[in-house]
Amino acid sequence: MILTNIESVPGKNIMEHFGLVSGSTVRAKHLGRDLMASLKNLVGGELKGYTELLQESRDEATNRMIDQARHLGANAVINVRFATSSVAQGASELYVYGTAVRVE
Amino acid sequence: MELLSLLFFLGLGYIVGTIAEKRHYRSIETRERQYLSLPAVTIKNIDHQGAKIESVALVQGSAVISVDYFKRMLAGLRNIFGGRVKSYETLLDRARREATLRMKKQALFSDIVLNMRVETSAIGKSANRKKSIGSIEALVYGTAITYRK
Amino acid sequence: MAVLKPLFTGLPLPIENSLKYTPKESKTNVNVSQFSPLKDFFALLSGVLGILVALYLILGLCVDYIVPLLSAKAELVLASPFQEIYTDTEDNASSKKLQELLQGLVDAMPEKRLPYQVSLVNRELFNAMALPGGQIVVYSGLMDEIKSDHELAFVLAHELGHFVNRDHLKGLGRGLLLYTFLRLFIGPDNFATDFIGQSLVGVQMQFSQQQETAADLFALNLLHKRDGEVTGAISFMKKIAKREEGARFLNYFATHPHAEHRISTLKKEIENKGY
């Protein structure tokens, strides 16, 4: 599966499209990580736990979008966009969407 | 007594919430089939293949969906252990699909919606607190193109 | 003058996707996990409760360990807020009788750690309790029903037993712990607080039942030491048993064990010691 965030897949021709595909996920870290993060907040710096959390969520959401595109018979998703929102405290919500296409 | 009312609200939330969700999904699925011929895509530039353009319009749709008491409690518990907060997945899925359908309804006579974007925001700052409403708003917008026939 | 040529001309756009749309319906919904919410709920809830109960037990043991190390002086300082709880204490023949009974019992005790006092409070309650700082409160509801000196002496000796075992401080410490615990980990306005709080109260009560039994045994031994006989203990318990009839099912959440259970424990002790 080819993913791009431009309007095309360079070097390939887009034959047909299947409309929008999207993947989303909500994930949370356990209480210990939340506690560590709030402690780390006192001194600043990277919150490793949360970086990891968001990365996991993004991967999972992307995989879900790819699954959906595969179901539709696409082999590429173009113009992919990521969006983050906070549904619940301490949980991250990742949304990724794009246009499913078949390229040759 | 407090325990009893808690259990009552949990039960109520679970039963009514589940029924409402099933009904909403059925309605979403029928309407999605209805609008299947109208594509909404994230790309901007397409070859209109010589077709004359009748009109161009910004279309948008939004929906605010709230989560039931049971699912909120489930998410609160899940927050302690970490992992996938499954009970909020349907909430988001429903809000976005509903918003997309409302946008498509606005673009009913158009041929394609270009450069579609999705925004999500939480209403009520801390959605998992007792006194606020755990709800989200999904906003979908794009440019609807109609060809002259 | 030469006109500068722009390096990037921008338009016309280099890409024009010639797109054919193929409408297709997605058969599965990838964005929603298939799971049983009820099963998930109970699994998570029992996990939370298990962890909380375990933590609470461990912290409770810490309290039990620290409390005996507390000196009498420190306890009196801690107890000062409790001195003024009851302003409607009675001063009459009954309260004098109680004071004398207590004095007799305290004289028979091996160590007098605190300045023990007893006050009679005018409430229609069948109860007595031990407050931090060595103060025993007896409600007039109990006083009116129990006429025998032996039985009253058993009640006072039971409360003295709580002081000797530091149960009053342990109870306080655990109560404080429970409160802090719920605030800290679950938050003051969380919907789960009520549920978990109720469960921990159940655990707390089990502890308290053990303490009551220990206090009963202490009272029995003290009575024997002073009077050489323990008739008051059993006859008092029989009165409680009578009052308790019809409320059996409350056992788990009760602070005290069943009167019948207490009687059998006392009888066993009497047999063992040969009183």
Side-chain angles (χ1 to χ4, degrees), chain A residues 3-9 13-14 16-37 49-50 52-53 56-57 60-61 64-65 68 72 74 76-101, chain B residues 32 35-47 65 67 71-72 75-93 95-97 100 103-104 112-129 132 134-140 142:
Chain A
L3 302 182
T4 71
N5 71 343
I6 52 175
E7 300 261 321
S8 62
V9 183
N13 288 324
I14 297 170
E16 57 179 336
H17 77 102
F18 305 96
L20 189 88
V21 285
S22 64
S24 85
T25 182
V26 193
R27 291 185 75 90
K29 278 283 178 197
H30 60 80
L31 205 71
R33 282 296 181 94
D34 287 344
L35 226 63
M36 289 302 289
Y50 283 165
E52 208 179 280
L53 168 70
E56 276 171 21
S57 309
E60 193 176 306
R64 286 179 159 185
M65 180 184 74
Q68 200 185 340
L72 295 175
V77 182
I78 59 173
N79 214 1
V80 171
R81 293 206 176 102
F82 287 100
T84 316
S85 68
S86 64
V87 217
Q89 263 184 349
S92 85
E93 201 274 309
L94 250 298
Y95 186 56
V96 51
Y97 58 105
T99 306
V101 295
Chain B
E32 269 181 358
Y35 295 133
L36 197 60
S37 58
L38 171 64
V41 293
T42 57
I43 48 181
K44 292 178 200 144
N45 309 307
I46 64 160
D47 179 4
I65 309 275
V67 69
K71 288 198 163 168
R72 213 174 310 160
L77 287 173
R78 174 52 77 187
N79 231 330
I80 296 172
F81 290 98
R84 199 185 276 173
V85 190
K86 294 173 199 154
S87 58
Y88 277 160
E89 285 176 346
T90 51
L91 169 78
L92 291 154
D93 190 53
R96 287 190 184 120
R97 285 165 79 174
T100 311
M103 178 191 75
K104 283 190 174 180
I112 191 163
V113 177
L114 294 181
N115 203 17
M116 164 184 166
R117 287 186 190 186
V118 182
E119 305 282 338
T120 322
S121 61
I123 293 181
K125 256 293 165 212
S126 46
N128 62 346
R129 284 291 163 87
S132 72
S135 51
I136 63 137
E137 195 227 11
L139 169 66
V140 178

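Please read all numbers here as calculations on a predicted model, not as lab measurements. Per chain, numbering begins at 1; letters A, B, ... match sequence-line order.
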Legend entry - Check: B:Tyr88 side chain, A:Val26 main-chain N or O, donor-acceptor pair, under 3.5 Å: no

Legend entry - Interatomic distance, A:Ser85 atom OG to B:Glu137 atom CD [nearest 0.5 angstrom]: 11.0 Å

Legend entry - Atom pair CE (B:Met116) and OG1 (A:Thr99), whose distance is rounded to the nearest 0.5 Å: 9.0 Å

Inset, instruction - For residues A:Gly19 and B:Val41, report the shortest heavy-atom separation together with the two atoms involved. - result: CA-CG1, 3.9 Å

Legend entry - Closest approach of A:Glu7 to B:Thr42 (non-hydrogen atoms, all atoms of both residues): OE2-O, 4.5 Å

Legend entry - Gap between atom CD1 of A:Ile6 and atom CD1 of B:Ile43 - 0.5 Å precision: 12.0 Å

Inset, instruction - State the CG-CZ distance between A:Leu20 and B:Arg97, to the nearest 0.5 angstrom. - result: 11.5 Å

Legend entry - From B:Lys86 atom NZ to A:Arg27 atom CZ, the distance as rounded to the nearest 0.5 Å: 10.0 Å

Inset, instruction - Just give me the residue among A:Val80, A:Thr84, A:Asn79 that pairs up with chain B most often, heavy atom to heavy atom, under 4.5 Å. - result: A:Asn79

Inset, instruction - Check whether A:Glu56 gets within reach of chain B through its side chain, its backbone, both or neither, counting any heavy atom under 4.5 Å. - result: neither

Inset, instruction - Return each pair, listed once, that meets salt bridge (Lys or Arg N to Asp or Glu O under 4.0 Å) where at least one residue sits in residues 91-101 of chain A; pairs must be two or more places apart or across chains. - result: A:Glu93-B:Arg96

Inset, instruction - Side-chain contact test, heavy atoms from C-beta onward, threshold under 4.5 Å: evaluate it for A:Tyr95 versus B:Leu92 and give yes or no. - result: no

Legend entry - Option that, when pairs with chain A are counted at under 4.5 Å, heavy atom only, ranks first among B:Val113, B:Val85, B:Asn115, B:Leu36: B:Val85

Legend entry - Gap between atom OG of A:Ser24 and atom CG of B:Leu91 - 0.5 Å precision: 10.0 Å

Inset, instruction - May I ask you to name which of A:Arg33, A:Arg81, A:Lys29 has the most heavy-atom pairs under 4.5 Å with chain B? - result: A:Arg81

